Amino acid sequence: MANVLTPQGEDFPRWYQDVIAKAQLAENGPAKGSQVIRPTGFALWERMTAELDERIKETGTENASFPLLIPESYFTREADHVEGFAPELWMVTHGGGKELEEKLAIRPTSETVIGEYMAKWINSYRDLPLLLNQWCNVMRYEMRTRLFLRSSEFLWQEGHTVHETYEDAHAFTLRILHEVYADFIENVLALPVLRGIKTEAERFAGALNTFAVESLMRDGKALQMGTSHELGQNFAKAFDIQFQGRDGQQHHGWTTSWGVSTRMVGGLIMGHGDDAGLRVPPNLAPVQVSVMVVKDTDEVQAAAKKVYDELKDAGLRVKLDNRGDVAFGRRAVDAELKGYPVRIELGPRDLKNGEATIASRVEGTKRTVPIGMLAEAVAAALEEAQQQLWDEALAFRESHTADVATVEEAVEAAQTGYARVPWDACGVEGETKAAQSSVTVRVLQREDGSVPDSLDESGLIAYLARSY
RNA sequence: CGGGACGUGGCGCAGCUUGGUAGCGCACUCGCUUUGGGAGCGAGGGGUCGCAGGUUCAAAUCCUGUCGUCCCGACCA
């Protein structure tokens, strides 16, 4: 296997950058912190959006679109929110060559504008719940940026809902966490997640509670993959989201917001990638199978085209690599960099035997199968690859999670993965202390691994780790 | 913003110490031979050395400033 990347064990951040460059996923944009997502990288994001959008709609949420520019004054209406986001705002000060009377913020998140409109659209409890989502770009000023993981501008999905009661809002916040985010990340991305509640220090600005899903990267650092916030009545009061209740009285709604971003592409890269490049789980892969012409002859070309058509008809996402002017080795390396789960290699030797060579990216193995049985063989190989990526990621997490009793031990253990410690033994003081060593509390769980309803519960378990 | 490293054809680098008008590998173009794990030979194209000042007869090289990139922090999806 050719050594095209800096090995992970040698320099993980360098490896990450190498993969993104060599697999042609993204590169820096001209303005500081901006990024250009290239077709190969964007295809991954498109598949993520398709899978997530389906799950989001399954909850009854509808898509809409709100403005990019938000009047500055909107941000001052919720005290914690403005305090949290003011340092990150990009502000538009001029339009049409003139200075604006009121500055316009480029949205860093849209609770404020959307809140304004939700207030207009809600009159009665019969209008609830109001379940909205938008796919858009947002901008946050960032000190230090890294492709996909933290860029000034990024793509995401932000859901915003209003509910009649606390209970309904709370249940919906958790439904998104479990049925949309965790389900997608585990079943499609094949990355196990820790689900839990965030500590006060890690909570969203203006929220009552923030719930999150976290995954462990192959360098032992955690990545927040998605968050779901229970906003209480904070934003409802700030934006006057009121409705007439069943009792005839006016009540403030209970709102939620939740999002996942292009950061997840970074999570996919670092959660599964190896020294040969990306490893994309088949359930996500924009290209599940690449049919490769090994030798550029008429017979091989015709056979490859036929195989390509058959697999496509079988419902697989297939790419035909029939380039005759690029050496086979180069194309094979490229397929590995881009992480195509399965390759089918067709050459004169295979055809003579009525066979095709099928190569698995995850297992790193090759075998031959009769051409007539390709469709089943490929389907089986894809299923195996999905399962193996999951098994590996789960085993990695298990072997990189340590039970400890004190904050000191947690900081030590967090150098290689998660440290699990009773929240009572850590607490806010312990959290502050750990933060000095760049170790943070990722989530709190109940002892049985379930998600707490609030931070008030006793006997919670804290997961500490270094994080992105 | 604090600490460290670095900006030279698309990418990776050398040249800088000791100023003299830019070179290597890969990529790219053309031709021929090739294609079962990054092909070979031959011929080509492409760079005001991040930017702005300064010193000098002369600056990629020395000085000052500035912008940007990467790593480690603080902030964060």
Side-chain angles (χ1 to χ4, degrees), chain A residues 1-6 11-14 16-18 20-22 24 27-35 83-89 108-109 137-158 181 198 201-205 210 212-214 223-229 257-267 276-277 292-297 300-301 321-337 343-353 355-357 359 364 366 368 435-440 466-468:
Chain A
M1 212 172 279
N3 196 20
V4 292
L5 304 168
T6 304
D11 185 344
F12 196 86
R14 184 72 192 265
Y16 180 72
Q17 294 207 131
D18 281 356
I20 290 176
K22 295 262 169 76
Q24 305 180 333
E27 50 194 79
N28 288 315
K32 182 182 165 76
S34 62
Q35 67 183 358
E83 196 188 328
F85 278 103
E88 295 181 60
L89 288 183
T109 178
N137 57 342
V138 290
M139 290 192 76
R140 299 180 183 180
Y141 187 86
E142 297 291 349
M143 301 290 188
R144 186 179 158 206
T145 59
R146 319 179 69 177
L147 289 172
F148 291 121
L149 299 174
R150 190 179 300 103
S151 45
S152 285
E153 178 184 359
F154 56 92
L155 306 181
W156 78 345
Q157 144 291 300
E158 52 176 327
Y181 296 158
K198 287 287 188 182
E202 303 277 326
R203 180 190 290 160
F204 178 74
T210 288
V213 282
E214 300 259 339
L223 182 69
Q224 179 171 303
M225 300 288 276
T227 47
S228 187
H229 315 291
S257 70
W258 27 279
V260 298
S261 71
T262 35
R263 161 177 280 191
M264 263 195 323
V265 179
M292 302 183 68
V293 167
V294 172
K295 211 155 199 160
D296 187 15
T297 68
V300 175
Q301 286 285 6
D321 182 355
N322 58 2
R323 291 173 290 176
D325 54 353
V326 181
F328 172 78
R330 177 166 295 273
R331 292 184 285 137
V333 167
D334 189 55
E336 273 166 1
L337 275 169
R343 299 193 308 277
I344 292 171
E345 301 173 1
L346 273 175
R349 220 152 64 201
D350 299 295
L351 291 186
K352 207 169 86 184
N353 302 326
E355 295 176 334
T357 300
K366 287 188 189 188
T368 54
Q436 288 166 4
S437 308
S438 303
V439 171
T440 51
R466 293 179 303 143
S467 75
Y468 279 97

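Everything numeric here is computed off the predicted structure, so don't read it as measured data. Order of the sequence lines sets the chain letters (A, B, ...), proteins ahead of strands, with each chain counted from 1.
Of the possible donor and acceptor atoms, one in the side chain of A:Arg331 sits under 3.5 Å from a partner among the backbone N and O of A:Val326. With hydrogens and angles ignored, the 3.5 Å screen pairs a side-chain donor or acceptor of A:Tyr181 with a backbone N or O of A:Gly259. Although no hydrogens or angles enter the test, the distance criterion places a donor-acceptor pair under 3.5 Å between the side chain of A:Gln157 and the main chain of A:Val260.
Note on A:Leu149: a base of the nucleic acid sits closer than 4.0 angstrom, heavy atoms only. Looking at heavy-atom distances under 4.0 Å, A:Pro87 makes no contact with the nucleic acid at all. No contact: A:Val138 has no heavy atom under 4.0 Å from any strand. Residue contacts for A:Gly324: at a heavy-atom cut-off of 4.0 Å it reaches a base atom on one of the strands shown. Contact annotation for A:Arg144: base contact, defined as any heavy-atom pair under 4.0 Å involving a base atom. If you check every strand for non-hydrogen atoms under 4.0 Å, A:Gly347 touches a base. Heavy atoms of A:Gln224 sit under 4.0 angstrom from primed sugar atoms or phosphate atoms, though from no base atom. Note on A:Ala86: nothing from the nucleic acid sits closer than 4.0 angstrom, heavy atoms only. Here A:Thr440 lies out of heavy-atom contact (under 4.0 Å) with every strand.
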>> Before you tell me yes or no, could you show the steps for A:Glu345 and A:Thr357 under side-chain hydrogen bond (donor to acceptor under 3.5 Å, both in side chains), namely the whole-Å CA-CA distance, both residues' side-chain angles and the distance that decides it to 0.1 Å?
In response: CA-CA 5 Å; A:Glu345 301 173 1; A:Thr357 300; 5.1 Å; no
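Of all nucleotides listed (B:rC71, B:rG36, B:rA77), B:rA77 comes nearest to the side chain of A:Phe154. With B:rG37, B:rU35, B:rA77 as the candidates, the nucleotide lying closest to the side chain of A:Ser261 is B:rA77. With B:rC75, B:rC70, B:rG37 as the choices, the nucleotide that has an atom nearest any side-chain atom of A:Gln17 turns out to be B:rC70. When each of B:rG37, B:rA77, B:rC71 is scored by its nearest atom to the side-chain atoms of A:Pro13, the top-ranked nucleotide is B:rC71.
Between the OH atom of A:Tyr468 and the C1' atom of B:rC75 there is a distance of 17 Å, rounded to whole Å. Across the protein-nucleic acid pair, A:Ile20 atom CD1 and B:rU69 atom P stand 15 Å apart, rounded to whole Å. Straight-line distance from the CD atom of A:Glu336 to the C1' atom of B:rG37: 8 Å, rounded to whole Å. As rounded to whole Å, 9 Å separates atom P of B:rA77 from atom CZ of A:Arg150. Across the protein-nucleic acid pair, A:Lys366 atom NZ and B:rG37 atom P stand 7 Å apart, rounded to whole Å. B:rG37 atom P lies 20 Å from atom CG of A:Leu5, rounded to whole Å. Look at NE2 on A:His229: it is 9 Å from C1' on B:rA77, rounded to the nearest Å. What separates CZ of A:Arg140 from P of B:rC76 is a distance of 10 Å, to the nearest Å.
A distance of about 42 Å separates the P atoms of B:rC71 and B:rG31, rounded to the whole Å. B:rC51 and B:rU61 have their P atoms separated by 11 Å, given to the nearest Å. Across the C1' atoms, B:rC11 and B:rC6 are found 16 Å apart, a figure rounded to whole Å. Spacing of C1' atoms, B:rG9 relative to B:rA22, comes out at 11 Å, to the nearest Å. Rounded to the nearest Å, the gap between the P atom of B:rG15 and that of B:rG7 is 10 Å. Going from the C1' atom of B:rG23 to that of B:rA14 covers 7 Å, rounded to whole Å. Only the C1' atoms considered, B:rA58 is 16 Å distant from B:rC16, to the nearest whole Å. For the P atoms, the distance linking B:rU34 with B:rC41 amounts to 16 Å, nearest Å.
Scanning atom types as modelled, one donor and one acceptor separated by under 3.5 angstrom connect the side chain of A:Asp350 and the base of B:rG36. Side-chain N/O atoms of A:Arg343 and base N/O atoms of B:rG37 include a donor-acceptor pair closer than 3.5 Å.
Ion pairing of A:Arg14 with A:Asp18 is present here, as a side-chain N (NZ or NE/NH1/NH2) and a carboxylate O approach within less than 4.0 Å. Salt-bridge annotation for A:Lys352 and A:Asp350: absent, with no side-chain N of the basic residue lying under 4.0 Å from a carboxylate O of the acidic one. A salt bridge is defined here as a Lys NZ or Arg NE, NH1 or NH2 lying under 4.0 Å from an Asp or Glu carboxylate O, and A:Arg349 with A:Glu355 fails to meet this definition. With respect to the salt-bridge test (charged N to carboxylate O, under 4.0 angstrom), the residues A:Glu336 and A:Arg343 qualify.
In a base pair of the Watson-Crick type (N1 to N3 plus N6-O4 or O6-N4) or a G-U wobble (N1-O2 and O6-N3), with each distance short of 3.5 Å, B:rA27 is matched with no nucleotide. Within the shown strands, B:rG20 is the pairing partner of B:rC57 under the Watson-Crick or G-U definition, both distances less than 3.5 Å.
For the pair A:Ser438 and B:rG73, the criterion of a side-chain N or O lying under 4.0 Å from OP1 or OP2 is met. Side-chain nitrogen and oxygen atoms of A:Arg146 include at least one within less than 4.0 Å of the OP1 or OP2 phosphate oxygen of B:rC71. Residue A:Arg330 places at least one side-chain N or O closer than 4.0 Å to OP1 or OP2 of B:rA27.
Nearest-nucleotide positions on RNA chain B place A:Arg331 closer to the 5' end than the other of A:Arg331 and A:Ala435. Each of A:Gln436 and A:Val326 was matched to the nucleotide of RNA chain B holding its nearest heavy atom; the match closer to the 5' end belongs to A:Val326.
Look at A:Trp156 and the base of B:rA77; the rings do not stack under the cut-offs of 5.5 Å between centres and 30° between planes.
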